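All heavy atoms count here, side chains included; hydrogens, waters and symmetry mates do not. This one's a predicted model, so the numbers in the text were calculated from it and none came from an experiment. Here is the naming used below: chain letters follow the sequence lines, and residue numbers restart at 1 for every chain.
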Protein chains: 2
Amino acid sequence: MKKFSQKTISRSFLYIRTLEQLIRAGETLVSSKKLADITGLTDVQIRKDISNFGKVGRPRIGYKITELKKILEDFVLQHIVHVSLFGVGNLGSAILKYPGFHQEKVEIVAAFEKDKRKIGKKINGVSIYSVEDAPRVVSKMHTEIGIIAVPEEYAQQVADIIVACGLHGIINFSPVSINVPKDVSVKNIDLAIEFLSLYCEMQL
Amino acid sequence: MKKFSQKTISRSFLYIRTLEQLIRAGETLVSSKKLADITGLTDVQIRKDISNFGKVGRPRIGYKITELKKILEDFVLQHIVHVSLFGVGNLGSAILKYPGFHQEKVEIVAAFEKDKRKIGKKINGVSIYSVEDAPRVVSKMHTEIGIIAVPEEYAQQVADIIVACGLHGIINFSPVSINVPKDVSVKNIDLAIEFLSLYCEMQL
DNA sequence: CCTTGTGAACGGATTCACAGCT
DNA sequence: AGCTGTGAATCCGTTCACAAGG
């Protein structure tokens, strides 16, 4: 699967979503220019990305939306991604209730907490387990990715648990760097840094 | 201010935070190698970044932590960033309660909602206003950045409101692209795409 | 030595310019 | 004319290799 750059892949998800919007709007054809207007990217960028997947469009016509969507999905989104959440605090709860996963191929299959009072409950259909049960539950649920949504002082030990569960992908919402083996991919989402660096970017 | 790349700036925030950790741990000197170990970056990367800001370190010795922190802050973080939140649903509430902003120079100064029942309340000390009051409140509060945390169907109209309020920076948590004038910076944080593209990245 | 600082080399991604198709 | 597809050129960021300095 991996002759494509990470950036191309991320944008492909954006294309797929945009194509779905267009389908709902009743469109059947779209040009790279139109996709560019909607997504805020450039038309060349979009054609370059799509050209990775073969010759899909037709000159003078554009892309057939359903066909393009199918091709993109075949390359980047064969499976549903199963995610386990660690930490059901404010942020964790919001993630469990986030409505954006259903239409995408993302499914949160389990949540883990230390607080005994939350264990055994369900949020949005997802059961909350004790963090000690993580190895067992994670393997039963065929999870691929773990989310760290615990306070920063616990981030590293949760990361260790996630690694011990055999997962190879981590989304880290805590504002500290975590140490993991080289074969584990980590994506940090640090809200404070996002805000601060956007602010710097504005000062151009 | 802006001869530095966006990436350098983001990493600088990470350095500042790491230096604060080291200060709390009682350290006074640090090498680029040590910073590299903690942050997961390379030592050369760190030295390159720091060299943008002048000659700060001393060969054989390393960097004086307080001095380096001061210099980084002077370049990237002169002011507190004032943020307004639009949408106090699950995600919006979690953002209001997020504990990571206090130690950083980020302050949420106002929240806006359409739901009358929430207006007038406070979450974590932040007052919730009617979205109609946004122009007045935003200018009074000296806000610089707006956060979109509303359902996707309202994202564009909230974006328009934020632009109309005169803000030039937007963090968009909704899974749709928004159209804004060229002088407005937008940072999209799309959870589903983060998960899906991390998953693709893992398949190497 | 050991660590910083940096010009040069490298690599990857975007943009340019245009060929080709209808 | 209007659009896709793409080699070439360019830009940007990272890494390399090494000079300089306590």
Side-chain angles (χ1 to χ4, degrees), chain A residues 2-15 18-19 22 27-72 75-76 182 197 200-201 204, chain B residues 2-15 18-19 22 27-72 75-76 182 197 200-201 204:
Chain A
K2 274 295 305 208
K3 43 183 193 287
F4 319 116
S5 83
Q6 195 51 42
K7 304 226 173 177
T8 297
I9 290 174
S10 293
R11 284 191 298 262
S12 296
F13 291 114
L14 192 56
Y15 303 152
T18 307
L19 294 171
L22 290 168
E27 306 278 332
T28 57
L29 288 169
V30 69
S31 67
S32 57
K33 184 70 178 61
K34 174 138 189 209
L35 282 174
D37 287 342
I38 299 175
T39 58
L41 304 167
T42 70
D43 55 344
V44 192
Q45 174 85 83
I46 289 171
R47 289 201 301 278
K48 251 298 201 266
D49 281 336
I50 293 174
S51 74
N52 283 306
F53 306 112
K55 302 203 180 194
V56 189
R58 276 181 320 193
R60 174 72 185 132
I61 309 288
Y63 302 94
K64 193 154 181 299
I65 292 179
T66 52
E67 186 189 354
L68 176 56
K69 174 166 176 280
K70 174 100 172 50
I71 286 169
L72 291 176
F75 277 102
V76 300
K182 286 162 302 305
S197 62
C200 284
E201 201 176 326
L204 302 160
Chain B
K2 274 294 307 210
K3 43 182 193 284
F4 320 116
S5 84
Q6 197 51 42
K7 305 226 173 180
T8 297
I9 291 173
S10 293
R11 285 191 298 264
S12 295
F13 290 115
L14 192 57
Y15 303 152
T18 307
L19 294 171
L22 291 169
E27 306 278 332
T28 57
L29 287 169
V30 68
S31 68
S32 58
K33 184 72 180 57
K34 174 137 189 210
L35 283 174
D37 287 342
I38 299 175
T39 58
L41 303 167
T42 69
D43 54 343
V44 191
Q45 175 84 83
I46 290 171
R47 287 201 301 279
K48 251 294 201 267
D49 281 335
I50 293 173
S51 74
N52 283 304
F53 307 111
K55 304 205 179 193
V56 188
R58 275 181 320 191
R60 174 69 185 135
I61 309 289
Y63 301 94
K64 194 151 179 300
I65 292 180
T66 51
E67 184 189 357
L68 176 55
K69 175 166 175 279
K70 173 98 172 52
I71 285 169
L72 291 176
F75 276 102
V76 300
K182 287 163 303 303
S197 62
C200 284
E201 198 177 327
L204 303 160

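Toward the 5' end of DNA chain C, the nearer of the two residues Ile61(A) and Thr8(A), judged by each one's closest nucleotide, is Thr8(A). Summary of the strand contacts: Pro59(A) and Ser32(B) both lie near DNA chain C, and taking for each the nucleotide with the nearest heavy atom, the more 5' one is attributed to Ser32(B).
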Show which side-chain atoms of residues 38-47 of chain A pair as donor or acceptor with protein atoms under 3.5 Å away, not counting sequence neighbours.
from, atom 1, to, atom 2, distance (Å)
Thr39(A), OG1, Leu35(A), O, 2.8
Thr39(A), OG1, Leu41(A), N, 3.3
Thr42(A), OG1, Gln45(A), N, 3.1
Arg47(A), NH1, Ser32(A), OG, 3.0

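The side chain to side chain contact (heavy atoms under 4.5 Å, CB included) check on Thr28(B) picks up nothing, with sequence neighbours excluded. The side chain to side chain donor-acceptor pair (under 3.5 Å) test applied to Lys69(A) returns Glu73(A), not counting sequence neighbours. Applying the salt bridge (Lys or Arg N to Asp or Glu O under 4.0 Å) rule to Lys33(A) yields the partners Asp37(A); only residues at least two apart in sequence or on another chain are considered. For the salt bridge (Lys or Arg N to Asp or Glu O under 4.0 Å) test, residues two or more places apart in sequence or in another chain that qualify with Lys70(B) are Asp74(B). Applying the salt bridge (Lys or Arg N to Asp or Glu O under 4.0 Å) test to Glu27(B) and every residue at least two apart in sequence or in another chain returns Lys34(B).
At a non-hydrogen distance threshold of 4.0 Å, Thr42(B), Val44(B), Gln45(B), Lys48(B) from residues 36-57 of chain B come into contact with DNA chain D.
Using bins of under 30°, 30° to 60° and over 60° for the plane-to-plane angle, the ring pair Phe53(B)/Phe75(B) lands in the tilted bin.
Atom pair Lys7(B):NZ and dG12(C):P shows a separation of 13 Å (rounding to whole Å applied). Rounded to an integer number of Å, the gap from Gln6(A) CD to dT14(C) C1' is 17 Å.
Each ring-ring contact (aromatic ring centres under 6.0 Å, His included) pair with one or both residues in residues 33-52 of chain B, not counting sequence neighbours, would appear here, but there are none.
The span of DNA chain D lying next to chain B, judged by atoms under 4.0 Å from heavy atoms, is bounded 5' to 3' by dG13(D) to dG22(D).
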